[in-house]
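Shown next, in structure tokens, is the structure this report addresses.
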Number of protein chains: 4
Amino acid sequence: MAKQRFALLGSGFIGQVHAASLARHPDTELVMVADVDNSRAEALAKKHQARAVDVSTALNSDSIDAVLIASATPSHAELLEAAARAGKAVYCEKPIDLSLSRARDVVEKVLPLKIPVTVGFNRRFDVSHQQLRRQVEQGAIGHVELIQMVCRASEMPALSYLQSSGGQMRDQAIHFFDLLRFLTQDEVVTVAAMGAALALPEIAKFGDVDTSIVMMRMHSGALAQLDNTRRTGHGYDERIQLMGPEGALESGSQSPQGATLWRGNQRIQAGLWPDWFSRVQETYYAHLDAFVRHLAGESIPDLPGLLDGLQAQAIAEAAVTSLKWGEFVSVEQFAR
Amino acid sequence: MAKQRFALLGSGFIGQVHAASLARHPDTELVMVADVDNSRAEALAKKHQARAVDVSTALNSDSIDAVLIASATPSHAELLEAAARAGKAVYCEKPIDLSLSRARDVVEKVLPLKIPVTVGFNRRFDVSHQQLRRQVEQGAIGHVELIQMVCRASEMPALSYLQSSGGQMRDQAIHFFDLLRFLTQDEVVTVAAMGAALALPEIAKFGDVDTSIVMMRMHSGALAQLDNTRRTGHGYDERIQLMGPEGALESGSQSPQGATLWRGNQRIQAGLWPDWFSRVQETYYAHLDAFVRHLAGESIPDLPGLLDGLQAQAIAEAAVTSLKWGEFVSVEQFAR
Amino acid sequence: MAKQRFALLGSGFIGQVHAASLARHPDTELVMVADVDNSRAEALAKKHQARAVDVSTALNSDSIDAVLIASATPSHAELLEAAARAGKAVYCEKPIDLSLSRARDVVEKVLPLKIPVTVGFNRRFDVSHQQLRRQVEQGAIGHVELIQMVCRASEMPALSYLQSSGGQMRDQAIHFFDLLRFLTQDEVVTVAAMGAALALPEIAKFGDVDTSIVMMRMHSGALAQLDNTRRTGHGYDERIQLMGPEGALESGSQSPQGATLWRGNQRIQAGLWPDWFSRVQETYYAHLDAFVRHLAGESIPDLPGLLDGLQAQAIAEAAVTSLKWGEFVSVEQFAR
Amino acid sequence: MAKQRFALLGSGFIGQVHAASLARHPDTELVMVADVDNSRAEALAKKHQARAVDVSTALNSDSIDAVLIASATPSHAELLEAAARAGKAVYCEKPIDLSLSRARDVVEKVLPLKIPVTVGFNRRFDVSHQQLRRQVEQGAIGHVELIQMVCRASEMPALSYLQSSGGQMRDQAIHFFDLLRFLTQDEVVTVAAMGAALALPEIAKFGDVDTSIVMMRMHSGALAQLDNTRRTGHGYDERIQLMGPEGALESGSQSPQGATLWRGNQRIQAGLWPDWFSRVQETYYAHLDAFVRHLAGESIPDLPGLLDGLQAQAIAEAAVTSLKWGEFVSVEQFAR
């Protein structure tokens with residue numbers, strides 16, 4: 001197979017993560033890097049023997065097969081549309097757009113173009129979460145009745161980041177709204193959420209929370225819970241449990257390797273990963289790999305697509321509404 | 001210290017559990033047993049060298065110091081009031097009465113009598129839960145911000161039991177409403193609940209559920225989640241986790257002792273306790289012991305009292321209301 | 001079934017443990033207690049509504065069915081012989097006698113009397129060890145090829161105890177020599193041992209060690225390791241692992257219940273049981289129960305008998321010899 | 001820092017592992033590859049944009065700073081000597097030579113040349129083992145009194161490999177003889193070993209074993225155990241525990257990530273790594289990294305050197321002798 005030639009749009013933190021994956025993958029080649037900050041694009045391009053270009057050069061080049069959009073969120077929708085129109089395959093970081101209606105407009109334009117697109121729900125590619133999916137599918141616990149999801153990031157992001165993040169539901173919880181759909185192959189019907197700004201009270205000024213819990217009723221009748229925090233005192237804690245009539249399945253909290261010390265009446269082991277990135281790092285590569293195999297014609301049934309992006313955003317909108325009004329909210333109105 | 005001489009009212013399953021505790025405790029003596037089914041009372045009395053009597057004999061006897069009410073729920077309120085009026089110390093199984101207003105009436109009559117009374121929230125005396133309480137108090141995790149509670153009973157109770165149980169909130173979840181107050185020393189402000197009759201759909205006819213999730217906002221601002229099931233395929237699963245800015249504390253799922261087998265790519269260990277009783281068994285004795293020490297003058301700050309009984313019931317009422325109407329419900333209206 | 005009426009010989013620490021078991025078991029009755037220290041016997045007898053008597057009264061009484069020998073080690077052999085001659089069933093604490101030849105003499109006299117006798121290898125009745133035995137028998141790992149046993153007591157016994165204990169092999173390791181035979185149904189052929197007095201150097205004066213490792217070759221060709229310590233800084237650590245061509249089985253280190261604390265980069269859990277007794281406590285009752293069921297006619301294939309007592313002592317003698325001379329030692333010469 | 005330019009001698013399995021590390025490390029460059037099988041060298045060289053050369057070209061080239069010897073064992077000694085004489089830094093796979101006296105001769109010639117050399121005891125660079133070392137050094141358990149090491153490879157190597165491997169002690173156990181010295185900073189004084197050919201009886205013909213246990217007395221008085229197997233039914237099992245008066249430290253058996261399934265009375269988790277390579281893989285890179293940092297002038301106190309190579313071989317020789325004669329064997333005679 002010829003290598004897939006990528007242009008990377010965006011060379012900030014997450015762009016650099018993707019650049020490293022593109023360099024490591026045997027079937028991809030990082031050919032161009034674009035960024036509004038050209039010097040940053042040049043530094044990253046140089047590191048990987050690529051070229052720093054402007055976006056239109058990348059999109060119009062015959063030597064580019066695929067585009068990876070890792071730029072600032074407000075630019076996603078426009079770049080996605082442009083790349084699709086240029087006939088490039090697209091790996092687009094989530095969200096498609098912070099505005100669900102804008103996101104829906106773009107999706108409606110892009111879908112008919114039948115371009116291969118994946119949306120950045122990389123956590124679907126966590127090895128343990130994938131085992132959950134497979135075991136659920138194989139009937140290990142019977143049909144799913146109850147889901148418990150935990151997403152506790154260890155360190156408060158910068159205030160500036162939070163101000164433009166869209167809030168905890170649209171920025172953080174959204175990964176788990178997607179995982180819920182992925183793991184259960186079911187849709188969320190009703191959402192109720194409670195939240196508070198306990199770690200950084202000033203974010204309440206712009207209506208955000210850093211600690212929240214969400215209840216959801218699924219179409220099948222199953223019930224789901226999610227809790228999210230923006231900072232912990234014990235590292236990055238991500239875990240998912242599903243229960244059915246015949247058993248329970250867990251993708252548990254994960255720790256780096258380490259020694260165990262028994263002293264007196266204590267047993268002391270390694271705690272959790274220090275931050276979200278050390279835990280989820282491998283999933284970026286695995287997602288890219290799935291996308292590349294998809295481009296090569298392999299069937300990847302769980303590759304997150306544009307409609308998955310819209311659906312997770314619809315749940316997030318319902319959760320935002322519930323947080324705001326203290327009501328049970330139907331997802332349908334946001335999902336159309 | 002002279003032994004505390006007990007009359008046991010009720011000789012069904014839970015009465016027999018308490019009888020065994022009273023026989024085993026060095027500072028208690030089981031003197032009398034009463035039951036509407038006299039032959040059952042006699043069998044239990046005989047086993048423990050006690051006397052089978054009727055209730056009024058027990059309450060009027062000078063050789064009785066304390067009464068343990070383990071009879072059918074509808075008789076609790078009356079027996080509690082009568083025993084208190086007779087000047088006996090009382091250990092009363094929960095709930096005081098399925099009707100919160102009836103329960104409140106009784107409590108208002110009993111409280112002024114200044115009789116030692118404890119209400120049967122035995123799970124407060126679980127060794128691991130108590131360690132949570134102590135470590136929270138000592139500041140191990142800072143102030144509590146997030147609580148996650150799981151109560152998954154393994155086997156569906158009999159339909160007849162369920163019909164008179166008051167429903168999952170009042171019968172099962174109530175233990176965890178109490179534990180939440182015990183562990184956080186905080187009060188619940190708002191409740192939202194979702195439930196479904198997934199395991200035994202016929203209970204929906206009388207408005208009950210067997211699978212439910214509950215969200216609560218605490219007075220301090222902390223957020224709490226609870227899930228309850230009436231049957232699992234993996235034994236009895238009870239666990240509680242608390243999180244604060246400096247760490248997280250867990251009283252985890254518990255298993256009987258057993259061997260571990262590694263074979264091929266699996267590691268197979270003992271699963272959970274087969275049923276709720278095998279897990280919580282020891283807490284009945286520990287609760288009794290705390291009550292006896294209280295009677296002997298020791299300060300037992302966490303001994304669950306009448307007001308604890310009312311407060312847990314108020315939360316349950318709010319949850320029932322939320323389940324019914326799909327709304328966020330304030331506890332205050334039920335707590336007066 | 002009529003209750004088995006027991007006389008307890010010896011009312012020290014371990015005698016009191018057995019007295020509590022006899023009181024608790026539904027099919028046994030503690031009728032008499034004898035001790036060279038009569039006041040100690042009286043105190044224990046009183047506690048359990050039994051009679052303090054002298055040994056010959058107990059052995060000659062028609063109201064005694066069985067004798068439990070829990071006296072000082074030097075008296076075991078004589079009491080065992082006398083009790084057997086008096087026709088009483090006997091539960092005899094290990095060892096039969098510190099002198100293997102004296103022990104063998106007694107066994108040769110007692111065996112023809114066909115009296116039910118069990119020797120105090122209570123660890124055979126540990127729930128997890130029993131699961132090992134059963135799973136090995138069921139072929140979970142194939143035939144046993146490698147065994148690893150750990151016995152690490154937490155607190156150095158008193159010097160006075162050690163001086164008359166017979167040394168670490170005869171006093172502590174002997175339980176694991178028996179467990180090895182029990183778990184593998186195989187015999188030890190060759191022993192090699194290394195030891196040192198690291199925790200209490202003065203015991204080297206009388207040839208004892210407090211830290212030792214033992215290698216054994218089994219008749220089947222399997223290889224076994226054992227390590228023993230007399231004191232740790234991390235509680236009582238007992239565990240056994242067996243390996244075969246198809247897997248490995250472990251009865252692991254055990255801990256009391258407790259909460260888990262995650263803080264920073266640590267996960268802190270309950271350590272091990274504080275001392276040997278808190279871990280093995282339940283096995284005394286389970287052993288007694290097995291003996292009582294044996295007396296009632298049930299087949300208890302693994303009830304440790306007189307020949308088990310001799311065989312474990314033979315391995316201990318071989319280990320003592322290896323420790324002393326730094327040589328591989330054949331067990332056969334001690335087992336005759 | 002200029003990159004260290006490496007010639008790789010040997011392009012078989014382990015040579016390919018090292019080639020990948022050299023390609024991945026930011027401060028190394030794989031410039032040349034040599035192999036007796038030139039086509040294999042060419043294939044590997046091509047993959048990494050290097051040149052396939054003969055050994056003398058590599059050793060005489062000015063564009064080579066360091067040599068990595070990953071060729072067949074019998075060639076190690078000669079290549080090590082030649083590379084050192086050519087003034088190249090050397091990373092030499094273990095053993096230096098299967099013959100201890102030949103190995104000693106080479107070391108005596110190479111040492112005076114004061115060339116940087118490391119011997120391939122890569123397991124020193126396992127993250128968890130390194131934590132053991134650091135925590136022991138920091139006094140977490142007091143002085144070391146007892147060590148337990150387990151090395152159980154999952155799949156029997158090919159008979160042809162075994163025939164030229166030098167046997168289980170020299171080929172497999174040697175890594176743990178080195179780890180023992182590394183972790184305790186102590187020397188082995190006496191060795192006793194037992195072994196058997198249980199998995200593949202035909203290896204007994206050439207005096208080898210596949211299942212063995214080794215006891216060692218250390219200079220400090222500490223005692224150590226090791227068990228080795230060549231195949232298991234439960235994956236690759238490597239673990240080390242150290243005990244001292246104040247606690248115990250463990251670098252435990254490791255598993256890949258995976259989901260946990262609770263069903264009925266079982267808890268089923270991921271078992272161990274399928275084979276030795278999946279577990280120790282990362283240590284090759286970490287060892288190379290330490291060597292490169294050493295070349296750059298950093299102090300790496302635990303970098304395994306030539307004398308470490310000799311010392312581990314001396315212990316292996318003592319173990320081989322003990323296996324053969326059934327005797328306790330002093331290491332001193334082999335260590336000179």
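Since this is a predicted model, take the numbers as computed values, not measurements. The sequence lines fix the lettering, A, B, ..., with proteins before strands; numbering per chain opens at 1.
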Contact check, side chains of B/R230 and B/L162, non-hydrogen atoms, under 4.5 Å: yes
Which atoms of A/A197 approach chain B - backbone, side chain, both or neither, heavy atom under 4.5 Å: neither
Ring geometry between B/H175 and B/F121 (parallel below 30°, tilted from 30 to 60°, perpendicular above 60°): perpendicular
Top contributor to chain B interface from A/Q225, A/E145, A/E327 [non-hydrogen pairs under 4.5 Å]: A/Q225
Top contributor to chain B contacts, counting heavy-atom pairs under 4.5 Å, from A/G195, A/G142, A/S322, A/A199: A/G195
Most contacts with chain B, counted as non-hydrogen pairs under 4.5 angstrom, among A/E246, A/M216, A/R231: A/R231
Contacting moiety of B/T190, where chain A heavy atoms sit under 4.5 Å: both
Interface moiety of B/L249 toward chain A, non-hydrogen atoms closer than 4.5 Å: neither
No-hydrogen, no-angle side-chain donor-acceptor test under 3.5 Å, B/S253 and B/R239: yes
Distance-only polar pair, side chains of A/S128 and A/Q254, donor-acceptor under 3.5 Å: yes
Choice from B/I213, B/L146, B/I141 maximising heavy atom contacts with chain A below 4.5 Å: B/I213
Polar side-chain atom of B/R217 near backbone of B/V188 as donor-acceptor pair, under 3.5 Å: no
Distance-only donor-acceptor check, side chains A/H129 and A/E238, under 3.5 Å: yes
Segment of A/V214 engaging chain B (4.5 angstrom heavy-atom cut-off): backbone
Toward chain A, the part of B/L223 with a non-hydrogen atom under 4.5 Å: both
Among the listed options B/D227, B/T232, B/T229, the residue most often paired with chain A at heavy-atom distances under 4.5 Å: B/D227
Best-contacting candidate, B/H143, B/H234, B/M215, against chain A by heavy atom pairs under 4.5 angstrom: B/M215
